[in-house]
Peer 1: 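Input: one structure, supplied below.
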2 protein chains.
Amino acid sequence: MTDQNGPQLTRIQQRNRERILEGALTAFSANGFRGATIDQIAEEAGLSKPNVLYYFGSKDEIHKTLLTALLDLWLAPMLSLDPDGEPLDEVLRYVSTKLDMSRDFPRESRLFAYEVLQGAPHLSEILGGRLRDLVDETVAVLTGWIDEGRLAKVDPHHLIFSIWALTQHYADFEVQVRAVLGPGHDPYAEAQVFLENLFRRMLAT
Amino acid sequence: MTDQNGPQLTRIQQRNRERILEGALTAFSANGFRGATIDQIAEEAGLSKPNVLYYFGSKDEIHKTLLTALLDLWLAPMLSLDPDGEPLDEVLRYVSTKLDMSRDFPRESRLFAYEVLQGAPHLSEILGGRLRDLVDETVAVLTGWIDEGRLAKVDPHHLIFSIWALTQHYADFEVQVRAVLGPGHDPYAEAQVFLENLFRRMLAT
DNA sequence: CCTCATCCTGACCATTTGGTCAATATTCGC
DNA sequence: GCGAATATTGACCAAATGGTCAGGATGAGG
């Protein structure tokens with residue numbers, strides 16, 4: 001997953017490509033694709049602008065590489081749904097894991113948020129392809145559980161959407177959440193309690 | 001609400017300012033602040049670039065004017081919560097209205113999404129000021145209902161966040177929702193059913 | 001129809017920004 | 001230590017973009 005089948009990378013290539021992607025993640029997630037500049041990425045990475053362009057031919061390529069590299073990380077939690085597990089526990093674990101990811105990887109969350117907001121110019125094939133397949137699988141599992149009467153009757157697609165919306169909201173709109181809550185709150189801890197409660201009530205049979 | 005206390009606007013001013021804000025809404029909501037150009041706004045508005053700058057001194061000013069002009073529209077549904085109404089009905093109506101707004105005003109939703117994603121550089125005072133006050137009022141109403149046992153015990157702040165997240169998701173991430181669902185779906189109609197069910201189950205005592 | 005304020009535009013400017021390139025420095029295999 | 005491959009950079013370019021301005025067009029009031 002870490003390296004493609006391409007030619008071997010030297011140590012320096014590996015290190016610098018990593019730095020660039022790390023800097024790009026910071027830059028893109030803070031300002032969106034158009035708002036981030038190669039200079040900014042270069043500074044974050046501790047490299048000169050031409051050197052950044054030496055490793056990635058264009059800003060677009062950096063962005064695309066970053067998105068595809070992070071997609072697996074981002075979708076992994078959904079794959080961990082165990083069809084043989086206890087339905088409610090499985091869903092709650094998914095929700096909890098996804099919320100942890102919002103807390104621990106807010107930049108990744110915002111990166112995808114910007115991309116989708118913009119109409120997903122670099123992800124459109126994936127949205128209707130791999131992502132959709134992945135969702136379909138999950139929907140099949142959920143539908144099975146619902147048909148067995150082990151989960152309340154809810155639209156499984158929208159159940160998935162609701163999990164995404166509710167968990168990613170805390171990363172993508174973090175400034176709003178914190179501003180509205182005011183000081184003295186731990187948004188993620190509170191959200192864990194709230195969301196477990198929410199999904200427990202919604203999905204109980 | 002439509003006109004400030006400033007000097008009278010001529011008919012032409014009124015018409016052109018409106019066109020510009022309309023064009024800017026399209027441009028900003030599609031590409032974000034940095035991604036939208038004055039040229040683009042001018043074209044949407046059917047005016048020349050210098051003419052746009054004649055009415056609004058800068059791109060920043062257009063953006064700021066647009067945000068503040070739309071804030072009332074955006075927050076209105078929350079104000080319609082009737083403390084004397086039936087709690088569950090009131091909340092469900094709020095959810096439904098908010099979802100309708102996602103369907104009918106997706107550009108507005110995305111405009112705010114971009115702004116908050118970016119750290120709300122033009123809204124920070126409002127988030128921690130007027131918005132927070134508004135939320136506090138609503139929280140007070142919800143808390144009252146909960147204390148009276150007319151609503152399930154849930155964190156009222158996070159209840160509000162969940163309403164925002166779940167409804168705005170359908171506007172902000174519409175491409176994703178449609179790509180995953182595939183053709184032959186009406187996301188908003190399905191969401192209405194799903195969300196009513198969700199909140200009914202979550203909030204029933 | 002005249003005048004004045006408002007409205008509009010083409011031409012222009014400075015800055016930013018994505019990207020190139022020749023030249024130099026560094027690393028690596030031997 | 002040496003030559004080839006790799007890495008790095010300063011200088012530079014063209015396009016895009018936010019914004020200015022002098023002057024011309026157009027509207028409103030008398």
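Side chains are part of it too, since the values below use all heavy atoms of this structure and drop only hydrogens, waters and symmetry mates. Chain letters run A, B, ... following the sequence lines, proteins first and then strands; every chain starts at 1.
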Peer 1: Nearest-nucleotide wise, let me know which of B:Asp39 and A:Pro50 is further upstream toward the 5' end of DNA chain D.
Peer 2: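 With A:Pro50 and B:Asp39 compared, the 5'-side residue is A:Pro50.
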Peer 1: Tell me, please, the opening and closing nucleotides of DNA chain D, 5' to 3', among those with an atom under 4.0 angstrom from a non-hydrogen atom of chain B.
Peer 2: D:dT17 to D:dA28
Peer 1: Working to the nearest 0.5 angstrom, can you tell me the gap between B:Glu115 CD and B:Leu70 CG?
Peer 2: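 That separation rounds to 12.0 Å.
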Peer 1: Between B:Asn51 and A:Ala36, which is nearer to the 5' end of DNA chain C once each is assigned its nearest nucleotide?
Peer 2: B:Asn51
Peer 1: Does B:Arg11 reach a base, just sugar-phosphate, or nothing at all? Heavy atoms under 4.0 Å.
Peer 2: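 Answer is sugar-phosphate: B:Arg11 comes under 4.0 Å of backbone atoms only.
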Peer 1: Give one of base, sugar-phosphate or nothing for A:Arg15, where a contact means two heavy atoms less than 4.0 Å apart.
Peer 2: nothing
Peer 1: Please list, chain by chain and in numerical order, all residues satisfying side-chain contact (heavy atoms from CB on, under 4.5 Å) with B:Val116, sequence neighbours excluded.
Peer 2: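 For B:Val116 the side-chain contact (heavy atoms from CB on, under 4.5 Å) partners, ignoring immediate neighbours, are A:Phe173, A:Val175, A:Gln176.
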Peer 1: Between B:Ile38 and B:Ile12, who's closer to the 5' end of DNA chain D by nearest nucleotide?
Peer 2: B:Ile38
Peer 1: How are the rings of A:Phe194 and B:His158 set relative to one another: parallel (under 30°), tilted (30 to 60°) or perpendicular (over 60°)?
Peer 2: tilted
Peer 1: Reckon B:Tyr55 touches a base, only the sugar-phosphate, or nothing at all at heavy-atom distances under 4.0 Å?
Peer 2: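 Sugar-phosphate contact only.
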Peer 1: Spell out, as yes or no, whether a donor-acceptor pair under 3.5 Å connects the side chain of B:Thr138 to the backbone of B:Leu134.
Peer 2: yes
Peer 1: Hey, what's the ring geometry for A:His157 with B:His185, parallel, tilted or perpendicular (30° and 60° as the breaks)?
Peer 2: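 Geometry flag for B:His185 against A:His157: perpendicular rings.
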Peer 1: Going 5' to 3' along DNA chain C, which nucleotides are the first and last within contact of chain A (any atom under 4.0 Å from a heavy atom)?
Peer 2: C:dT17 to C:dC28
